[in-house]
Amino acid sequence: MDGGTPGKRLDAAQLGAELGERATLVQFSTAFCQPCRATRRTLSDVAAMVDGVAHIEIDAEAHLTLVRQLDITRTPTVLVLDRAGQVVRRASGQPRTADVVAALGRAI
């Protein structure tokens, strides 16, 4: 997973779901994106393994204002948020489980 989106903080109202107690995995997807499906499985599995971590999937096409604010240019894009909703890591493309777990280490 590459660098973050410095200075960006997201909350439940923007994301349409509650943040995790310890960290949140935010996935931007589109309907016909094949890697998005695999990413959904990976992030759901990691969220289930790590207490206090939530996974929120956002339909990029239905949330264009947020997509523009965050400069999301492709799907899937994953943001890792700390408990306060601060973006600490960002990655585009299908992540590996080990990379997601490592990125969570920076958020928790």
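Numbers here are sequence positions counted from 1. Here the structure is a predicted model, which is why all the values come from computation and not from measurement. Hydrogens, waters and symmetry mates play no part in the numbers below; they use all other heavy atoms, side chains included.
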Under the side chain to side chain contact (heavy atoms under 4.5 Å, CB included) test against Leu25, which residue among Val50, Leu104, Leu81, Leu79 passes? Leu104

Please round to the nearest 0.5 Å and tell me the distance separating atom CG of Leu15 and atom CG of Leu10. 5.0 Å

Value rounded to 0.5 Å, distance of NE2 in His63 from CD1 in Ile58: 6.5 Å

Quick one: does any side-chain atom of Gln86 pair with a main-chain N or O of Lys8 as donor and acceptor, under 3.5 Å? yes

Quick one: side-chain hydrogen bond (donor to acceptor under 3.5 Å, both in side chains) partners of Thr75, sequence neighbours excluded? Thr30

State, to 0.1 Å, how close Glu18 and Ala54 come at their nearest heavy-atom pair, and which atoms those are. O-CB, 4.2 Å

Please, which pairs that meet salt bridge (Lys or Arg N to Asp or Glu O under 4.0 Å) have at least one residue in residues 32-54, sequence neighbours excluded? Arg40-Glu57

Sole residue of Val80, Leu19, Ile108, Thr24 in side chain to side chain contact (heavy atoms under 4.5 Å, CB included) with Val53: Ile108

side-chain contact (heavy atoms from CB on, under 4.5 Å) for Val78 and Phe28? Distances and angles first, verdict last. CA-CA 6 Å; Val78 177; Phe28 286 86; over 6 Å; no

Given Glu21 and Arg83, is the side-chain contact (heavy atoms from CB on, under 4.5 Å) satisfied, shown in steps? CA-CA 6 Å; Glu21 288 179 24; Arg83 68 174 24 164; 5.7 Å; no

So, taking the atom named OG1 in Thr39 and the one named CZ in Arg96, what distance separates them when rounded to the nearest 0.5 Å? 13.0 Å

With sequence neighbours excluded, residues passing side-chain contact (heavy atoms from CB on, under 4.5 Å) with Arg74: Thr77, Ser92

Considering all heavy atoms, the nearest Glu61-Ala31 contact: OE1-N, 4.1 Å

